[in-house]
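Quick caveat: nothing in here was measured; it's all calculated off a predicted structure. Every chain is numbered from 1, with letters handed out A, B, ... down the list of sequences.
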There are 2 protein chains.
Amino acid sequence: MIRIDERISKSELTYDWIRERIIGREFNPGYRLVLGAIAKELGISVVPVREAVRRLEAEGLIEFERNVGARVAMVNQDEYIDTMQTLGVLEGAATALALPLMTEADLARAQAINDSMRAMLEDFDPVAFTSLNEKFHRALFQRCPNPHISELADRGWNRMSGLRSSTFAFVPDRAPRSVMEHDDILRLIRENAEPLEIELAVREHKWRTVEAYRQQRTSS
Amino acid sequence: MIRIDERISKSELTYDWIRERIIGREFNPGYRLVLGAIAKELGISVVPVREAVRRLEAEGLIEFERNVGARVAMVNQDEYIDTMQTLGVLEGAATALALPLMTEADLARAQAINDSMRAMLEDFDPVAFTSLNEKFHRALFQRCPNPHISELADRGWNRMSGLRSSTFAFVPDRAPRSVMEHDDILRLIRENAEPLEIELAVREHKWRTVEAYRQQRTSS
DNA sequence: ATATTCCAGATCGTATACGGTATGTGATGC
DNA sequence: GCATCACATACCGTATACGATCTGGAATAT
């Protein structure tokens, strides 16, 4: 007899609940996560909430301070740079590994996303643009056969969820160049370029965005 | 008035306690972690133990099953391959980033470690050899200025702590080649080779070990 | 006015308690 | 014998309780 008790634990439920809200930017960086309040909101006790928070802490989505509490990770500017640099490495590798499994449809989808981004350049909306940017990159590495690398890349993107909305608001000049570089990457893939070349193209693309951000910061 | 209450929470204490035992191979993969037993052992209640376990779970050191309990992560063979592949990418990048900060002393230390490994080839001890191997690689990327990448590389190594002891027992032929490749890497660094070349040397070195392992597995 | 002390409310950290779920064992029926 | 069921046991999941710590602001001193 199979008992399909799909009920997941309250601890996991809470984990998902908080995570969704952080990634969905309902809880912004710095947002204070009061354990008792969350517990009451979900109609449960604090114990499962604490467990959920510990997991999110280990993933870097939350920062926790003893006797003070939890807040959504701040990702200050240095950390932003570090995270983006790491993400460039991971995503480049993930994309290269995904190449043999990539279908025509995948490429077409990525192309369509980038076309939307180009169309948006005229009437620039940083938030929507940044969102499409994420979709584009995820489309490239989603077929990565190494789940471990994919997960780390996912976490990297999630970690920056709070800043993502504003990335291209900070460095709007990057937007048109970014679209061009996306086209370059797609072209390389279509032409069956060396995986290493593609990997480095993805990495450098990301690193250039960081560089633009860094310069913007120091000059202002 | 500054009150230096260095006392860390029991939750953190437990986290460290378990983690040390996993990394120190006192708790081997598959080892059952009974929450109540650990709590009693440490003279505390189960609540902090559960929090510690959740963090370790998120780091991939522990696997948790609802209503069954926690055990040290098994890292089956596929996961071993995935983890090593990822680690190759991360460690290569971390090493390349560390290059500008590497001192003569760092290089000398790495060289000394590799010399010990070479000396051990005659009278081969897989466990000691694998341990030195880890030290060698950590020595190379320890100066990495990006803490985020370093942490991920650290976690990769830790994740395999259970298998590490046996890696070179599985593929003993790899040992002499490994030592040679270490020398190559050190030479490249001394000659101020391109960072990318060094990065790829580190990556390929690790990937070749995986490849040797994979072949060993399919042929047996 | 500024710095310091004290206090109350908010929130955290952990112990304890108890019901729920999985698992192994022995009894029962075939 | 072998399969099935009932039950005991071990362990997990969560609620509740309470002391400990932090925080902000009012009261007081300089």
Side-chain angles (χ1 to χ4, degrees), chain A residues 1-22 26-74, chain B residues 1-19 21-22 27-74:
Chain A
M1 165 177 161
I2 301 173
R3 180 117 74 86
I4 304 177
D5 189 359
E6 276 294 346
R7 204 185 53 172
I8 58 180
S9 71
K10 297 186 178 177
S11 152
E12 294 219 41
L13 201 76
T14 310
Y15 171 84
D16 292 337
W17 190 86
I18 297 176
R19 190 165 176 282
E20 274 171 22
R21 262 141 251 260
I22 294 177
E26 196 169 331
F27 294 165
N28 289 310
Y31 183 92
R32 180 82 193 284
L33 296 164
V34 181
L35 304 184
I38 294 174
K40 191 185 283 185
E41 169 96 20
L42 297 178
I44 62 180
S45 81
V46 295
V47 179
V49 177
R50 293 180 65 90
E51 289 181 23
V53 163
R54 289 302 193 183
R55 284 175 60 190
L56 292 163
E57 181 194 11
E59 289 179 17
L61 241 51
I62 280 183
E63 284 161 2
F64 201 88
E65 198 177 346
R66 178 175 155 88
N67 281 323
V68 174
R71 54 188 60 223
V72 178
M74 286 297 259
Chain B
M1 164 177 162
I2 300 172
R3 180 118 73 85
I4 304 177
D5 189 359
E6 276 294 346
R7 206 187 51 172
I8 59 180
S9 70
K10 298 186 178 178
S11 152
E12 296 219 41
L13 203 74
T14 310
Y15 170 84
D16 293 336
W17 189 87
I18 297 176
R19 189 166 176 282
R21 261 140 251 260
I22 294 177
F27 294 166
N28 289 310
Y31 184 92
R32 180 81 191 284
L33 297 164
V34 180
L35 305 183
I38 294 173
K40 191 184 283 185
E41 169 95 20
L42 297 178
I44 61 179
S45 81
V46 295
V47 178
V49 177
R50 293 181 64 90
E51 289 181 24
V53 163
R54 290 303 194 183
R55 284 175 59 191
L56 292 163
E57 183 193 9
E59 290 179 17
L61 241 50
I62 279 183
E63 284 161 3
F64 201 88
E65 198 178 345
R66 178 174 157 92
N67 282 324
V68 173
R71 54 187 61 224
V72 178
M74 286 295 258

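Nucleotide C:dT14 holds its C1' atom 13 Å from the CD atom of A:E51, rounded to whole Å. Residue A:E41 contributes atom CD, which lies 14 Å from atom P of C:dT11 at whole-angstrom precision. One can place NZ of A:K40 at 14 Å from P of D:dA15, the figure rounded to the nearest angstrom. The nearest whole Å value for the distance from the CD1 atom in B:I44 to the P atom in D:dA20 is 18 Å. When rounded to the nearest whole Å, the span between CD1 of B:I8 and P of D:dT21 equals 15 Å. Distance A:L35 CG to D:dC18 P: 20 Å, rounded to the nearest Å. The NZ atom of B:K10 sits 13 Å away from the P atom of C:dG13 (whole-angstrom rounding). For the pair A:R54 CZ and D:dT14 C1', the interatomic distance rounds to 18 Å; values are reported in whole Å.
Listed pair B:R50 / D:dC12 fails the phosphate criterion, with no side-chain N or O lying under 4.0 Å from OP1 or OP2. A close approach under 4.0 Å does occur between a side-chain nitrogen or oxygen of B:S45 and OP1 or OP2 of C:dA15.
With D:dT14, C:dT11, D:dC12 as the choices, the nucleotide that has an atom nearest any side-chain atom of A:V34 turns out to be C:dT11. Here C:dT23 is the nucleotide among D:dG13, C:dT14, C:dT23 with the atom lying nearest to any side-chain atom of B:V68. Checked against C:dC12, C:dT16, C:dT14, the side chain of B:V46 finds its nearest nucleotide in C:dT16.
Put simply, the side chain of B:R55 does not reach to within 4.5 Å of the side chain of A:R55, judged on heavy atoms. The shortest distance between side-chain heavy atoms of A:I22 and A:I62 falls below 4.5 Å.
Stacking of B:R19 on the aromatic ring of B:W17 is not recorded, the 6.0 Å distance cut-off and the 45° axial limit not both being met.
Within 4.0 Å of A:I38, counting heavy atoms only, lies no atom of the nucleic acid at all. Within 4.0 Å of B:V47, counting heavy atoms only, lies at least one base atom of the nucleic acid.
Residue order along DNA chain D, read from the 5' end via each residue's closest nucleotide, puts B:A70 first among B:A70 and A:G43.
Between A:E51 and A:R54 there is no salt bridge, since no side-chain N of the basic residue sits under 4.0 Å from a carboxylate O of the acidic one.
The only option from B:V46, B:L35, B:T14, B:L61 that meets the side-chain contact (heavy atoms from CB on, under 4.5 Å) definition with B:V53 turns out to be B:L35.
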